[in-house]
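For reference, the structure is listed below as structure tokens.
Below, chains carry the letters A, B, ... as their sequence lines are ordered, and counting in each starts from 1.
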Amino acid sequence: MPKKTENILQENLLEYYRDNKSVLSSGLLDSVKNIKEKAFSFLTNSKLPGNKDEKWRNTDLGSIYSQKFTLGCQAEKYDKSIDEIFVCEVHGFESLKFSMLNGWFYSPGNKKIKIFENGLVVGSMMEAQKQFPEIFEKYFNSVIEENQHGLIAANTLLANDGLFVYVPDNLIVDDSIQLIKMLNREENLFVNSRNLIILGKNSKLSFLHCDDSINHSPGFLNTVTEIVVCENAHLHLNKLQNLNDSTSMVNSTFINQYGSSNITVNVITYNGGLIRNELNVNMLGQGSHADLNGIYLMDKSQHIDNQVFVNHAVPNCSSSELFKGVLDNRSSGVFNGYIFVGRDAQNTSAFQQNNNILMSSDAKIDTQPFLEIYADDVKCSHGATVGQLDTEALFYMKQRGIGDSDARLLLMFAFTAEVTSKINIEALRLSIEDMIKKRLRGELSICDKCVLHCSVPDMPLEFDIDLSKI
Amino acid sequence: MLLNIKDLHVSIKGKEILKGFNLGVNKGEVHAIMGPNGTGKSTLAAAITGREGYDITSGGIEYKGKIINDLEADERANMGIFLSFQYPVEIPGVSMTNFIRTAVNAQREYKGLKPMPASEFLKKMEEKKNLVEIHSKLTKRSVNEGFSGGEKKKNEIFQMAMLEPSLAILDETDSGLDIDALKVVAKGVNSLRSEENGFVVITHYQRLLDYIVPDFVHVMYDGRIVKSGGKGLALELEEKGYDWIKEQFDN
């Protein structure tokens with residue numbers, strides 16, 4: 001059965017490309033057309049990833065491959081500003097907001113790209129290709145491991161838009177850039193979007209990537225983000241995922257890090273039917289550091305899969321991974337942490353930790369550390385735990401007068417705090433923590449439109465117990 | 001009477017540990033409970049405070065005139081019952097300050113009071129920390145995490161001072177303490193003694209009772225009190241050990 005259903009989507013993707021090739025290719029650089037052709041032949045000759053593949057063993061997309069999707073839709077013409085279609089305000093958190101609607105860069109007034117005075121460029125991928133062909137060609141499709149699997153090939157083939165960010169050398173971007181991706185169509189959309197983020201030498205960027213559903217319609221998001229972090233650049237990337245229960249997402253991020261660069265990536269998964277995050281970090285320059293963290297809070301029959309790959313290709317780099325999850329009801333999770341230390345990568349430090357709390361006997365987690373080390377002078381460690389809430393700690397708290405549900409919340413929240421403490425923008429951290437509290441209390445709604453809506457001043461979040469000082 | 005335990009039978013996983021235990025504590029009294037290992041002293045503390053897995057099969061625990069057998073642990077705590085744990089639990093990620101404030105305010109809410117204003121809370125915390133000689137840095141850390149044995153026990157007494165219970169049960173608070181820490185803990189307890197509250201002090205050794213002088217001493221053996229007396233009884237036990245009690249009751 002899975003084999004047959006798989007071909008439905010795969011064939012549909014190929015057929016869609018064949019039928020719409022002229023539209024899909026119009027206005028593309030020749031080099032991009034070539035890349036698409038290669039992706040087409042890859043997809044023609046290989047299968048979309050399924051649970052027969054080792055890396056997909058515990059994440060079954062069979063039910064997705066059997067669905068009929070609307071594959072392409074035109075960019076919707078809205079003249080309203082982003083602020084009119086959803087509210088996103090956080091106290092004290094200034095961000096430059098950009099959004100994508102149903103896979104297209106949302107550009108009221110047709111301003112598809114913004115060039116700031118300091119040289120920062122943020123806008124539509126389509127437009128960047130036209131206005132900055134040299135930069136675009138240099139980096140587009142350069143970071144991904146070419147056609148690593150069928151969904152990435154499908155993205156290369158069909159994604160025509162996404163967010164493009166270019167931070168010139170030596171520029172410190174003070175405000176965070178925020179990308180809000182939304183689906184608002186009624187039909188079952190398959191959306192491919194492709195982002196490209198380039199940090200020049202000695203630059204600094206904080207980027208907030210939000211994936212939101214704003215209705216209860218099903219959909220499938222297939223996102224690929226390529227990030228280049230040049231020498232001595234700093235990237236702070238936060239991904240917030242709050243999708244409805246019938247939406248699935250495969251979110252592949254590829255990061256190339258050059259010498260003395262520093263990245264922090266925090267992936268916070270609040271909700272979603274099926275979410276797979278692939279985070280691939282290539283450490284290509286000495287003296288670099290990567291801090292990769294995640295929180296996932298799943299319930300009902302949701303599924304989360306975090307695949308983290310760190311390639312220590314050169315000496316004197318360090319990486320640290322901390323992923324923590326709470327799984328309730330019949331939800332399931334996968335963590336796969338793959339650390340590769342090449343023969344030349346002496347003096348590597350690589351740490352990895354995955355901790356899970358299962359709140360019900362039907363919840364499930366498959367966690368697998370995977371270290372492949374060819375250098376001899378390295379410090380590497382890994383650890384995984386699966387457990388329940390500490391009953392001794394619960395009794396201790398109750399003995400002091402704290403009610404059972406508050407004690408549980410406090411313990412679950414404390415469990416996630418180790419990760420949120422790594423978010424270095426305080427207003428953002430507080431908002432994310434508010435969201436976590438709401439989620440743990442079962443009060444998080446996708447109808448908040450914006451994932452950060454919880455902190456809008458007239459809707460303060462009241463928590464029975466004050467956790468602000470944790 | 002503050003606490004009145006009558007013919008209490010408690011089982012853990014079907015095994016009876018307390019076998020007809022009786023104890024009455026009035027306000028203003030300190031009762032010491034001594035006895036050899038495995039006689040049910042910690043089970044008694046667990047049964048009074050409502051720990052899960054301790055089944056009261058018959059008899060009753062009456063506290064402030066109310067049978068509390070079936071109440072949840074947090075409600076008993078809110079009624080003013082405090083347990084100083086033999087093994088205080090580490091709770092990573094929950095700061096000491098926030099934990100104690102949450103507890104203080106939960107107990108105030110139970111009494112129909114508004115949360116304690118921050119300034120008042122901080123002042124009270126400063127005062128009580130000094131009482132048990134706790135360093136300020138400890139209250140910024142996670143609950144009991146990385147505390148030494150002595151710090152953990154001081155922290156129990158600090159929490160007791162913050163929560164001002166009517167009935168405090170000290171479960172082997174002296175174990176693992178050096179003499180200096182023991183004196184500090186005892187000083188803390190003594191300063192909290194009043195005509196309004198009662199203490200049940202569970203200990204193996206007479207040593208603690210040199211510093212926290214009890215009104216009554218009870219000897220527990222095989223799930224019940226087998227001998228009661230004044231503070232002199234503790235000295236007698238120290239001198240003779242528990243064997244003479246065992247012999248007397250095993251036969």
Next on the checklist: Could you go through B/V89 and A/F395, starting from their C-alpha distance and side-chain angles, then the distance that decides it, and tell me whether this counts as side chain to side chain contact (heavy atoms under 4.5 Å, CB included)?
Outcome noted: CA-CA 9 Å; B/V89 184; A/F395 177 67; over 6 Å; no

Measuring from [X]:[atom1] to [Y]:[atom2], what's the distance to the nearest 0.5 Å?
X: B/R51; Y: A/Y396; atom1: CZ; atom2: OH; result: 11.5 Å
X: B/N98; Y: A/L410; atom1: CG; atom2: CG; result: 6.5 Å
X: A/I402; Y: B/F99; atom1: CD1; atom2: CZ; result: 5.0 Å

Checklist entry - Could you walk me through whether A/F413 and B/V94 pass the side chain to side chain contact (heavy atoms under 4.5 Å, CB included) check? => result CA-CA 9 Å; A/F413 185 76; B/V94 178; over 6 Å; no

Measuring heavy-atom distances to chain A, does [X] have an atom under 4.5 Å in its side chain, in its backbone, in both, or in neither?
X: B/Y87; answer: neither
X: B/V104; answer: neither
X: B/R76; answer: neither
X: B/L163; answer: side chain
X: B/E75; answer: neither
X: B/P165; answer: neither

Using a 6.0 Å cut-off, check whether atom [atom1] of [X] has over 12 heavy atoms from anything other than its own residue.
X: B/K140; atom1: NZ; answer: no
X: B/K64; atom1: NZ; answer: yes
X: B/K187; atom1: NZ; answer: yes

Closest non-hydrogen atom pair, [X] against [Y]:
X: A/A414; Y: B/P92; result: CB-O, 3.6 Å
X: A/M397; Y: B/I91; result: CG-CD1, 3.8 Å
X: A/G401; Y: B/A106; result: O-CB, 3.4 Å

Checklist entry - Does any N or O in the side chain of A/R400 come within less than 3.5 Å of the main-chain N or O of B/Q159, such that one atom is a donor and the other an acceptor? => result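 No, the answer is negative, given that no donor and acceptor are paired below the 3.5 Å cut-off.
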
Checklist entry - A/Y338: what forms a ring pair (Phe, Tyr, Trp, His ring centres under 6.0 Å) with it, not counting sequence neighbours? => result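 Applying ring pair (Phe, Tyr, Trp, His ring centres under 6.0 Å) to A/Y338 gives A/F309, A/F370.
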
Next on the checklist: Under the rule for ring pair (Phe, Tyr, Trp, His ring centres under 6.0 Å), what residues qualify as partners of A/F351, not counting sequence neighbours?
Outcome noted: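 Residues passing ring pair (Phe, Tyr, Trp, His ring centres under 6.0 Å) with A/F351: none at all.
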
Item to check | Structural part of A/L394 lying under 4.5 Å from a heavy atom of chain B | outcome: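 Neither part, no heavy atoms under 4.5 Å.
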
Next on the checklist: So if I take each residue of residues 385-392 of chain A and look for any heavy atom under 4.5 Å from a heavy atom in chain B, which residues do I end up with?
Outcome noted: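 Against chain B, the residues of residues 385-392 of chain A that fall inside the cut-off (heavy atoms, under 4.5 Å) are A/D390, A/E392.
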
Checklist entry - B/N105, B/N144, B/V143: which one forms the most heavy-atom pairs within less than 4.5 Å of chain A? => result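 Max contact count across the listed options: B/N144.
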
Item to check | When B/S142, B/A73, B/G50 are compared by non-hydrogen pairs under 4.5 Å with chain A, the top option | outcome: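 So the answer, after comparing B/S142, B/A73, B/G50, is B/A73.
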
Item to check | Pairing residues for A/N238 by the side chain to side chain donor-acceptor pair (under 3.5 Å) criterion, not counting sequence neighbours | outcome: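 Per chain and number, A/N238 pairs via side chain to side chain donor-acceptor pair (under 3.5 Å) with A/N266.
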
